[in-house]
Amino acid sequence: GNVSPRAADLHLKTEEPELLELLRICPTFRAGHLFYAEWHYQEKNYGPALDGYEEALRLGVARPKDYLRASLAASFLRQTRKALSILESAESALGRSELSGVMFFNMACYYTRLGKHAKAIEYLQHSIRAGFRKRDSFLKDKDLAPLRSKPEFQRVLKRLQISQAP
C-alpha cells in the first residue's frame, strides 16, 4: 500500500521505537521502511532517510517519487555517485517513460558533478522530453556551470526554448 508522507506527521518521534521493533521483527515490511524513510526525509534527517529508502528499494520496485527522494537524500549527504546510482536503478526498474523530468534533470546534474558531461547533456535532453522546462534551472543551477560554455548545452537551451513556444 501507499504510505502517505502526511501520515508520517503523526507521532513518529514517540512511536519510532515501535516502528523499529516492527521492522526488526518483519524486516521485509517494505511499507514500514518507506514510512520510516519518508518521515526522516520530511524531518531532513537524510542519513536515516537514505537507509530506509535503500532497504525499501532492496526489497523491490518502488514509486518514482521514492527513488527521487532517496537520490535527494544521498545528494544532501554529498553522495553523488549513490544519488546517481539510485536514479539509474529507477530508470532500469521502472523504464524511462515512468521517470519525471526532474529525475532526468537531477541525473544530468549528478553526471556533471562526476565530470561526465556528454551523459549530462543527454539527460538534460531527456528532462525536456519528459516535460521539465524550468529555464531558470538550466541557466542557474550551479551543478551545470561547467556545461554552460559548451555548444551542446547551447543547443539544449535552444531546444528548451522551442519546446516552450506556443
Side-chain angles (χ1 to χ4, degrees), residues 1-114 116 119-138 141 143-144 160 163:
N2 284 346
V3 177
S4 164
R6 292 293 119 217
D9 289 340
L10 297 175
H11 302 287
L12 194 57
K13 282 186 181 173
T14 57
E15 297 171 10
E16 185 174 19
E18 287 86 356
L19 177 59
L20 291 173
E21 180 63 13
L22 173 65
L23 293 175
R24 189 185 66 71
I25 294 167
C26 304
T28 60
F29 183 44
R30 195 166 62 93
H33 290 288
L34 287 172
F35 185 91
Y36 174 86
E38 284 289 322
W39 184 80
H40 280 289
Y41 184 87
Q42 296 298 326
E43 293 292 311
K44 297 180 173 44
N45 298 327
Y46 298 118
L50 181 57
D51 292 343
Y53 284 122
E54 285 187 305
E55 188 58 29
L57 296 175
R58 189 183 66 72
L59 294 170
V61 176
R63 301 166 297 182
K65 79 171 195 165
D66 297 321
Y67 289 96
L68 176 61
R69 288 195 176 154
S71 72
L72 289 171
S75 181
F76 287 131
L77 295 168
R78 303 194 190 298
Q79 296 180 23
T80 301
R81 277 186 174 71
K82 184 173 279 193
L84 178 59
S85 174
I86 290 166
L87 291 180
E88 287 173 335
S89 68
E91 186 177 21
S92 174
L94 302 172
R96 192 167 277 171
S97 65
E98 294 299 310
L99 272 60
S100 67
V102 74
M103 293 170 85
F104 289 120
F105 184 84
N106 287 359
M107 289 174 83
C109 290
Y110 302 148
Y111 279 123
T112 304
R113 286 185 200 171
L114 297 171
K116 298 179 178 183
K119 286 294 265 188
I121 295 291
E122 176 188 338
Y123 276 81
L124 287 174
Q125 292 168 343
H126 290 315
S127 76
I128 294 169
R129 279 195 289 275
F132 188 79
R133 296 195 171 84
K134 294 183 181 178
R135 187 171 175 80
D136 268 7
S137 295
F138 285 82
D141 192 299
D143 287 332
L144 300 180
L160 177 64
S163 72

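Computed from a prediction, not measured in an experiment: that's the story for all the values here.
- The six-membered or imidazole ring of His40 lies near that of Tyr36, with a centre-to-centre distance under 6.0 Å.
- Shown here for Leu72 and Tyr110, the closest heavy-atom pair between the two residues is CD2-OH, 4.1 Å.
- Distance check: Ser85 OG to Arg81 CZ gives 11.0 Å after rounding to the nearest 0.5 Å.
- In summary, the side chains of Arg129 and His126 do present a donor paired with an acceptor at a separation below 3.5 Å, with no hydrogens or angles considered.
- Side chain of Ser127 to main chain of Leu124: a donor-acceptor pair is present (N/O by atom type, distance under 3.5 Å, no hydrogens or angles).
- The distance from the CG atom of Leu84 to the NZ atom of Lys116 is 7.0 Å, given to the nearest 0.5 Å.
- Rounded to the nearest 0.5 Å, atoms OG1 (Thr28) and CZ (Arg58) are 9.0 Å apart.
- In this structure, the separation between CZ on Phe104 and CD on Glu122 is 9.5 Å, given to the nearest 0.5 Å.
- Counting heavy atoms from C-beta on, the side chains of Leu50 and Glu54 come closer than 4.5 Å.
- Summarising the geometry of Ala37 relative to Gly52, their closest heavy-atom pair is CB-C, 3.7 Å, with the distance given to 0.1 Å.
- Contact of the His33 side chain with the Leu57 side chain is not registered, since no non-hydrogen atoms from C-beta on lie closer than 4.5 Å.
- Counting all heavy atoms, side chain and backbone alike, Arg30 lies closest to Val61 at NH1-O, 3.0 Å.
- Distance alone, capped at 3.5 Å, is enough to place a donor-acceptor pair between the Thr112 side chain and the Ala108 backbone.
- Taking CZ of Arg135 as the reference point, atom CD1 of Ile128 lies at 9.5 Å (rounded to 0.5 Å).
- Note: Tyr123 and Tyr111 have tilted aromatic rings, judged against thresholds of 30 and 60 degrees for the angle between ring planes.
- For the pair Gly60 and Tyr67, the tightest heavy-atom approach, listed with the atom from each and the gap, is O-OH, 4.4 Å.
- Closest of all the heavy-atom pairs between Pro64 and Met103 is O-CE, 3.5 Å.
- Between Tyr41 and Tyr53, the two ring planes are perpendicular [angle over 60°; tilted spans 30° to 60°].
- Looking only at side-chain heavy atoms (C-beta outward), Leu144 and Phe105 come within less than 4.5 Å of each other.
- Minimum interatomic distance between Ser100 and Ala130 (heavy atoms only, all atoms of both residues): C-CB, 4.1 Å.
- Not a single donor-acceptor pair under 3.5 Å links the side chain of Arg69 to the backbone N or O of Gln42.
- Taking 4.5 Å as the limit, every side-chain heavy atom of Leu99 sits out of range of all side-chain heavy atoms of Leu87.
- Of the inter-residue distances, the one linking Glu55 atom CD with Asp51 atom CG reads 9.0 Å to the nearest 0.5 angstrom.
- Residues Trp39 and Asn45 have side chains in contact (heavy-atom distance under 4.5 Å, counting atoms from C-beta outward).
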Pair Asp141, Cys109 - check side chain to side chain contact (heavy atoms under 4.5 Å, CB included), show working. CA-CA 8 Å; Asp141 192 299; Cys109 290; 3.9 Å; yes
